[in-house]
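Single-structure report; data block below.
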Amino acid sequence: QKEVEQNSGPLSVPEGAIASLNCTYSDRGSQSFFWYRQYSGKSPELIMSIYSNGDKEDGRFTAQLNKASQYVSLLIRDSQPSDSATYLCAVKRSTGGFKTIFGAGTRLFVKA
Amino acid sequence: GAVVSQHPSRVICKSGTSVKIECRSLDFQATTMFWYRQFPKKSLMLMATSNEGSKATYEQGVEKDKFLINHASLTLSTLTVTSAHPEDSSFYICSATSRKETQYFGPGTRLLVL
């Protein structure tokens with residue numbers, strides 16, 4: 001089992017719809033979670049961080065965390081073609097050097 | 001968010017030469033810097049972790065004598081690809097973090113070895 005798992009996609013949604021990206025992790029003690037966006041040929045950029053159970057909203061983005069289920073998600077409301085990218089889930093380990101582990105990413109395609 | 005720069009953004013070199021890539025944190029002190037490699041359509045691969053003033057910790061399978069990392073100050077880390085070969089051609093990305101733990105990525109360096 002990978003430490004951080006994401007569906008590779010591609011996830012295709014129409015413009016204006018809600019895109020839902022999911023991530024599960026194996027380290028039950030993890031406390032810090034991040035979502036990054038990576039456009040093709042570019043480096044990742046931080047979208048959101050979340051540390052507590054529940055929802056955290058920032059503009060069109062909402063991160064959801066459920067530590068009991070070891071599950072973190074990212075919702076993108078009113079999806080735009082410019083949101084088309086690969087979304088990386090990252091989880092900071094609770095032990096073993098506290099390294100941040102990245103998922104392989106989910107490719108999102110927003111159709112105009 | 002914090003700003004991390006990388007230089008050069010793109011480099012082409014001949015096989016057998018060495019290439020140095022710089023990573024700088026511009027507006028914060030980076031206690032830790034990370035070096036990643038990414039092949040086309042593949043996920044990020046962590047190569048090594050470096051803490052200021054100490055030796056880098058390399059991931060399994062990464063040759064430390066080939067990929068030399070120096071983290072000389074809280075704002076600068078360098079990666080030198082020694083005796084580069086065509087299979088080293090890749091997208092090299094650094095990231096930096098302060099004690100606040102969020103990683104911020106540089107824009108990446110695209111290396112092409114002929």
Side-chain angles (χ1 to χ4, degrees), chain A residues 2-10 21 23 25 27 29-52 56 58-59 61 63 65 72 84-109, chain B residues 1-10 21 23-25 28 30-51 54-60 62 79 89-112:
Chain A
K2 292 181 182 177
E3 285 193 65
V4 179
E5 295 217 50
Q6 296 181 255
N7 188 320
S8 63
L21 304 161
C23 172
Y25 59 95
D27 182 353
S30 294
Q31 300 293 324
S32 305
F33 308 87
F34 309 89
W35 282 100
Y36 290 83
R37 176 176 61 198
Q38 187 176 21
Y39 290 112
S40 180
K42 303 293 185 182
S43 66
E45 56 179 322
L46 180 69
I47 298 176
M48 291 186 73
S49 58
I50 186 166
Y51 305 98
S52 305
K56 179 180 178 182
D58 184 358
F61 299 98
L65 175 61
V72 58
S84 298
T86 297
Y87 289 80
L88 305 174
C89 171
V91 178
K92 193 172 181 75
R93 276 184 187 162
S94 61
T95 58
F98 303 95
K99 195 179 294 183
T100 298
I101 307 300
F102 286 82
T106 298
R107 283 176 52 215
L108 172 67
F109 179 60
Chain B
V3 180
V4 178
S5 71
Q6 267 183 257
H7 178 79
S9 58
R10 190 178 294 266
I21 302 170
C23 177
R24 293 181 185 273
S25 56
F28 70 103
T31 51
T32 305
M33 287 184 168
F34 304 88
W35 287 96
Y36 294 85
R37 180 166 56 180
Q38 188 173 38
F39 293 104
K41 300 191 187 301
K42 300 293 184 183
S43 57
L44 287 173
M45 289 176 49
L46 179 64
M47 298 175 67
T49 302
S50 74
N51 294 297
S54 61
K55 289 184 179 180
T57 303
Y58 290 81
E59 295 299 300
Q60 194 172 7
V62 178
L79 167 68
S89 299
S90 188
F91 190 39
Y92 291 86
I93 312 172
C94 73
S95 72
T97 184
S98 67
R99 301 187 196 285
K100 293 184 178 180
E101 78 183 359
T102 302
Q103 282 191 46
Y104 295 94
F105 285 87
T109 297
R110 203 162 294 282
L111 171 64
L112 176 61

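By convention in this document, chain letters (A, B, ...) are assigned in the order of the sequence lines, proteins followed by strands, and residues within each chain are numbered from 1.
Separation of atoms NZ (A/Lys99) and CD (B/Gln103) is listed at 11.0 Å; rounding is to 0.5 Å. For the atom pair CD of A/Gln6 and OG of B/Ser43, the computed distance is 9.5 Å after rounding to the nearest 0.5 Å.
Looking at A/Ile101, there are no atoms closer than 4.5 Å to chain B (heavy atoms on both sides), in backbone or side chain. For B/Gln6, no part lies near chain A; criterion is any non-hydrogen pair under 4.5 Å.
Here the shortest heavy-atom pairing between B/Tyr36 and A/Thr100 reads OH-O, 4.5 Å.
When A/Pro44, A/Gly105, A/Ala104, A/Ala90 are compared by the number of non-hydrogen pairs under 4.5 Å with chain B, A/Pro44 comes out ahead.
In this structure, A/Lys42 places its NZ atom where only 12 or fewer heavy-atom neighbours from other residues, nucleotides or ligands lie under 6.0 Å away.
The ring-ring contact (aromatic ring centres under 6.0 Å, His included) check on A/Tyr25 picks up A/Phe33, with sequence neighbours excluded. Partners of A/Ser8 under the side chain to side chain donor-acceptor pair (under 3.5 Å) rule, at least two apart in sequence or in another chain, do not exist in this structure.
The one candidate from B/Val4, B/Thr109, B/Ile93 that meets the side-chain contact (heavy atoms from CB on, under 4.5 Å) condition with A/Ser43 is B/Ile93.
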Query raised in the report: Please walk me through it: do A/Phe102 and B/Phe105 pass ring-ring contact (aromatic ring centres under 6.0 Å, His included)?
Result: CA-CA 13 Å; A/Phe102 286 82; B/Phe105 285 87; 5.6 Å; yes
